[in-house]
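Read the structure below first, then the notes.
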Amino acid sequence: MPKPFSIPGPDAAAFENLALRADRIGIVTHTRPDGDAIGSCLALKRYLEARLGASGKCRILLDTDAPDAVRFLFSPADCRETLVFERDAAAVREWTAGCGLFVFLDLNNLSRTGGMEDLFRASGAPRILVDHHLHPERSEFGLAFSETEVSSTCELLYHILRTFPSCAGKDLPEGCPEPLLTGITTDTNNFANSVFEGTLETVAALLQAGADRDRILEHIYNEYPERRIRLMGHLLDRELTISDKGVACMILDGETARAYGIREGETEGFVNIPLSIDRVRLSLFLKQSGDEYRVSIRSKRGWSARNLAARYFSGGGHEQASGGRIPLGGDLQTKDDVAAFVARCTDEFLKDEA
Ligand code: 5GP
Ligand code: MN
């Protein structure tokens, strides 16, 4: 069966050589990491440790902490060797200053690393990219593995690891299949979107290699705190608006989030729900975070969530799943102001796209 892409052997060998030469490696992903971001970081770290003698040489560098739903993936050693910039900027600074290699996973642009961006720009260490978003900024990276016909960074990373000379004739190391399958599962919304032929082949191989899908599903989808479902009910009942053009919008302000005790990552997936309504073409979920609203967008085929995010919300992402932000200030003070702004933007967008 033809694969939509293949990993060039010399590129995989170059990746391996850089990792072998570096005394310190920084494994980096985007701010507010999701399952794909965390899964790919952990799988890479474990591969480098198990097969390239990198034990103690790797740190996962996060701008903001991993969501609770994927905590089950971390071993005690992974926890110790993960540095979180928002909690301990000094430790991240110290590690990046002496770093001999950075690997960036699940981002197409250094600005997605949030507060850490300047540290990478200040370092002279080589940068490798592994990503599945459109329009990567290739010039920022010495070596870039970028494929969009793939479910997730985890799926792409699987193929890179398999192409490493050190993997020839061997299975993946023990700790790799589970985080990889977790990332594929979350980025496809449990195999509802972005599933390619190759994705299912990769998953079959990961299951064969020992990944326990039931355990993953149990942790990701069946261990939510009750408050998440109560808030979901509240938002669907009270906050969901659907325009006659088929734009669904739900807005969660800071006060409501606090009242429900909602933590980072606990509204994951909310944006998908209104998209299941027949007349909805675009679904937006907005969540206040300090002095801005973060925007999540999902679209049905034929409508570009990515263009909407890029044009109005300083963001981007994939064709059918994107995100961005709306800073508060000026005319935008209240939740109602933000709702009116979103209505204006989406109206204009749909007119132009029609
Ligand atoms: P989510 O709605 O799950 O937060 O994000 C959906 C997709 O949009 C993800 O693939 C993510 O990479 C992308 N995305 C989210 N926020 C931003 C952003 O601020 N900038 C860019 N370029 N992409 C984003
Ligand atoms: Mn991803």
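Atoms within a ligand are numbered from 1 in the order they appear, just like the ligands themselves. For reference, positions follow the sequence shown, starting with 1.
- Given atom 15 (C) of ligand 1, the protein heavy atom at minimum distance is G323 CA, 3.4 Å.
- Residue contacts with ligand 1 leave out R325, since none of its heavy atoms falls under 4.0 Å from the ligand.
- Close to ligand 1: R112, with a non-hydrogen atom less than 4.0 angstrom away.
- Counting only N and O atoms by type, the side chains of S151 and E155 include a donor and acceptor under 3.5 Å apart.
- Under 3.5 Å, the side chains of R294 and S289 contain a donor-acceptor pair of N or O atoms.
- In the model, H132 has a side-chain atom that pairs as donor or acceptor with a side-chain atom of D187 under 3.5 Å.
- For atom 5 (O) of ligand 1, the closest non-hydrogen atom of the protein is S322 O, 4.1 Å.
- The distance from ligand 1 to the heavy atoms of H133 drops below 4.0 Å at these ligand atoms: 10 (O), 12 (O).
- Considering backbone and side-chain N/O of G316, one or more are found under 3.5 Å from N/O of ligand 1.
- Residue A321 approaches ligand 1 through these ligand atoms, each under 4.0 Å from one of its heavy atoms: 7 (C), 8 (O).
- Not a single N or O atom of I297, backbone or side chain, sits closer than 3.5 Å to an N or O atom of ligand 1.
- Relative orientation of the F102 and F104 rings is tilted, given thresholds of 30° and 60° on the angle between their planes.
- Within ligand 1, counting atoms from 1 as listed, the ones closer than 4.0 Å to a heavy atom of G317 are 8 (O), 13 (C), 23 (N).
- Using a 3.5 Å distance cut-off with no hydrogens or angles, the side chains of S111 and N109 do pair a donor with an acceptor.
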Query raised in the report: Going through the distances and angles, do H159 and F5 end up as a ring pair (Phe, Tyr, Trp, His ring centres under 6.0 Å)?
Result: CA-CA 10 Å; H159 291 291; F5 67 88; 5.4 Å; yes
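- Among heteroatoms of the N, O or S kind in D106, OD1 lies nearest the Mn ion (ligand 2).
- A donor atom on one side chain and an acceptor atom on the other are found under 3.5 Å apart for E16 and S166.
- Listed by number with element, the atoms of ligand 1 under 4.0 angstrom from any heavy atom of G324 are 16 (N), 19 (O).
- Side chain to side chain, R306 and H135 meet the donor-acceptor criterion of an N or O pair below 3.5 Å.
- Judged purely by distance below 3.5 Å, without hydrogens or angles, the side chains of E348 and Y312 pair a donor atom with an acceptor atom.
- In R298, the part holding a heavy atom less than 4.0 Å from any atom of ligand 1 is the side chain.
- Note: angle at the Mn ion (ligand 2), from OD2 of D36 to OD2 of D187, is 80° (rounded to 10 degrees).
- Of the N or O atoms in H318, one or more lie within a sub-3.5 Å distance of an N or O in ligand 1.
- Among the backbone and side-chain atoms of D34, no N/O/S atom is found under 2.8 Å from the Mn ion (ligand 2).
- The heavy-atom pair separating R281 from L350 by the smallest distance is NH2-CD1, 4.0 Å.
- Note on ring orientation: taking the six-membered ring where Trp is involved, the planes of F145 and F15 are tilted (angle from 30° to 60°).
- Taking backbone and side chain together, H132 holds an N, O or S atom under 2.8 Å from the Mn ion (ligand 2).
- Polar contact with ligand 1: present for S296 (N/O pair, distance under 3.5 Å).
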